[in-house]
Amino acid sequence: MSVTIGSASTAGARSVRLGTLTLNLPPWKALAAPVVILLVLAMMILPLPAPLLDLLFTFNIALALLVLLVASYSIRPLDFAVFPSVLLVTTLLRLSLNVASTRAVLMHGHTGTDAAGKVIESFANFLIGGNFAVGIIVFSILTVINFVVVTKGAGRIAEVSARFALDAMPGKQMAIDADLNAGQIDQVEARRRRSEVSREADFFGSMDGASKFVRGDAIAGILIVFINIVGGLLIGTMQHALSIERAANNYVLLAIGDALVAQVPGLVISIAAGLIVSRVADDDDVGTQVAKQLLSLPRALGLTASVVALLGLVPGMPHFAFLALAAAIGYLAWWLSRQQAARADAAPAAEAPAASTEASWDDVEPVDMLALEVGYRLIALVDRDRGSDLLTRIKGVRKKFAHEVGFLPPSVHVRDQLELKPSGYRVLLKGVVVGEGEAFPGMMLAINPGSASATLTGTATRDPAFGLPATWIDAMQREAAQAAGYTVVDAATVVATHLHHLMQTHASRLLGRTEAQQLLEHLARYAPKLAEEVVPKLVPMPVFHKVLQNLLDEAVHVRDLRGIVEALGEHGARTQDATELTREVRIALAPAIVQQTFGPTRELSVIAIEPALENLLVQAFGPNAGSSLEPGVAEYLQTAGAEAARRQEDEGHPSCLLVPDRIRVPLARLLKKAAPRLRVLGHAEIPDTHSIRIGRLIGEAK
């Protein structure tokens with residue numbers, strides 16, 4: 001039963017929707033609950049006449065039946081989300097009626113068994129035959145059923161359901177965020193689903209506590225019966241001079257009747273609570289579910305009928321009862337089997353089209369362009385309800401990447417992966433793992449930038465993004481680690497930084513044809529003529545895409561898209577070779593490339609190659625070279641280049657190798673794996689406004 005409150009057409013009123021029925025409630029409905037509670041509390045203080053007690057006891061029974069029926073027809077537990085509050089109010093109502101009836105019994109019990117009204121008298125005379133011993137036994141049995149069986153079971157189910165609901169919340173929240181990132185749902189639907197997940201956990205938690213109300217009500221009922229019996233006997237014999245037999249007949253019967261009048265609705269409410277918390281998610285109510293599942297196997301009904309019939313043939317058994325019931329169950333089994341056979345005969349015609357289309361393109365799921373998989377301990381990092389902000393940081397990473405590199409990267413799909421270590425995560429690009437690491441929620445990663453010397457207590461590791469020495473420490477050591485010169489970050493920052501580094505490293509693979517087309521469309525917004533005249537009129541779209549990928553392969557940002565397209569327009573009529581066009585674009589972007597590498601400084605400290613070795617490389621990589629570079633020379637260049645880059649960075653300078661333009665591309669490819677942070681520039685890529693200072697030579701004799 002869903003309830004939606006919104007504005008109605010009538011001023012001062014609200015519309016409440018219950019299933020398919022819409023009720024326009026008056027504006028004073030907000031006062032209903034406080035007024036009812038105040039009246040219930042007043043019943044404990046003010047004496048009530050017997051006719052009013054009859055009306056209230058009848059109302060209590062009707063209310064309990066109403067709650068039971070609503071619980072039976074509810075599809076989901078949240079359809080009756082107000083049940084914990086209803087349970088409290090009904091329990092309070094029963095206790096108030098107990099107090100009011102106790103007052104009436106003790107004050108007027110000497111006048112007869114109708115002193116507290118006809119309802120209590122009827123329960124005392126009709127249900128237990130006027131025998132207070134039978135009444136005590138019946139009341140005790142009902143109390144045991146309510147307290148030990150129904151309430152205890154419902155409370156246990158609510159407790160376990162609350163625990164499971166809380167444990168499952170991160171996974172459900174992550175699934176909602178994944179659907180939102182994938183575009184399958186919008187923000188409104190995501191907000192509704194998150195609210196439903198939170199309400200479900202709150203509901204089972206409330207039911208766990210509300211079950212204690214019924215347990216306390218049962219205990220209070222036992223005490224009230226004992227007090228009424230003892231107090232009634234004392235008042236009847238001492239104050240009203242009744243005989244023991246007359247006092248027991250009046251007061252004990254009234255006490256038992258009063259207890260039964262309160263206990264029966266309490267048992268009904270407890271059964272309703274059990275139905276609510278034991279519901280399994282389905283599209284049917286409890287009655288329909290039971291009918292479907294209990295009567296779904298005619299063979300089981302047939303065996304049941306056979307066993308009942310055999311019992312009916314045993315000498316001394318009531319043959320009519322057993323055989324009649326066996327015949328009824330057997331007929332039901334035969335009728336159900338006929339119905340199932342008829343449905344089975346009609347099924348092949350309906351299932352024939354489905355069999356011919358057992359596989360379709362809907363079964364082919366596209367590979368995520370960029371995905372982040374996390375172990376189950378890291379699910380908390382993507383749970384907004386726990387104050388974690390990894391998803392927000394990932395959005396910030398995408399925004400920062402777009403601002404720095406120049407195009408919007410694809411969405412990052414976050415999902416859990418049970419195959420990973422509990423604290424492990426990995427980043428996938430087009431379904432291929434490009435990076436992985438571990439993060440520990442609640443702990444801090446202290447990264448040694450090279451200047452920290454103090455030893456920290458924790459788990460030694462390396463920063464997953466840049467490979468620097470690091471230590472996982474407790475959050476309490478954060479200030480001490482920062483004072484010692486360490487850079488301290490939390491687990492979410494570790495994952496986000498690693499993701500950003502991998503996106504920078506694989507930027508060329510993130511730039512697909514779709515992103516390249518979107519770049520052109522973005523350029524057309526502020527330079528429509530330029531975009532229209534160059535691509536695809538002068539430069540085909542595949543060549544334009546390849547040029548952008550070549551630039552990103554060497555960590556050249558494509559933010560200056562106007563400059564890139566203008567350079568392509570200038571040289572596109574002369575050549576369609578992507579490598580040659582990339583070289584011309586790099587020369588056009590030379591000031592931006594130098595600033596990206598060195599910053600605003602005008603004197604560039606670079607690494608150069610010894611002239612003799614440089615001449616050898618020019619000959620080896622020249623257009624007319626008959627052979628490739630010798631393996632020994634290539635290995636030396638990789639080792640020496642990596643060492644020179646490391647020393648250059650240790651001195652506080654960017655690692656940049658300056659070479660002739662003709663050998664820049666092959667040297668950059670050769671040194672990329674050995675020294676990924678080393679930038680290789682050609683002579684033509686140094687602006688006239690900058691000066692060169694050779695900081696180190698590769699191939700220099702030692």
Side-chain angles (χ1 to χ4, degrees), residues 1 32-33 35-37 39-44 48-74 80 82-105 113-130 134-136 138-147 149-151 154 210-211 213-222 224-225 228 253-276 286-287:
M1 180 184 66
V35 169
V36 168
I37 294 175
L39 290 177
V40 168
L41 294 177
M43 290 164 52
M44 296 184 180
L48 301 179
L52 184 57
L53 282 176
D54 289 340
L55 181 62
L56 291 174
F57 277 122
T58 306
F59 172 76
N60 186 31
I61 296 173
L63 179 61
L65 293 175
L66 175 63
V67 172
L68 177 63
L69 292 176
V70 172
S72 301
Y73 285 112
S74 297
F80 202 3
V82 75
F83 185 79
S85 300
V86 172
L87 189 60
L88 171 61
V89 173
T90 54
T91 302
L92 187 60
L93 175 61
R94 288 196 304 275
L95 293 176
S96 299
L97 288 175
N98 278 136
V99 174
S101 60
T102 297
R103 182 187 298 109
V105 168
T113 55
D114 61 346
K118 297 296 183 180
V119 173
I120 292 179
E121 184 181 20
S122 298
F123 269 77
N125 292 323
F126 179 73
L127 293 184
I128 60 177
V134 175
I136 293 176
V138 171
F139 170 75
S140 302
I141 293 174
L142 290 178
T143 304
V144 169
I145 293 174
N146 188 6
F147 180 69
V149 180
V150 181
T151 303
S211 62
F213 298 152
V214 182
R215 182 181 304 179
D217 180 33
I219 297 175
I222 297 173
I224 290 173
V225 169
N228 284 346
L253 279 180
L254 286 175
I256 298 301
D258 178 28
L260 290 176
V261 170
Q263 193 63 38
V264 170
L267 179 60
V268 172
I269 294 291
S270 299
I271 295 173
L275 288 176
I276 284 291
V286 174

How far apart are the C-alpha atoms of L68 and I271, what are their side-chain angles, what is the distance that settles it, and do they pass the side chain to side chain contact (heavy atoms under 4.5 Å, CB included) test?
CA-CA 7 Å; L68 177 63; I271 295 173; 3.9 Å; yes
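Atom CZ of F57 sits about 10.5 Å away from atom CG of L52, to the nearest 0.5 Å. Note that CG of L53 and OG1 of T58 are 10.5 Å apart. Values are rounded to the nearest 0.5 Å. Distance CG/L93 to CG/N60: 4.5 Å, rounded to 0.5 Å. To the nearest 0.5 Å, the span separating CG on L56 from CD1 on I61 amounts to 11.5 Å.
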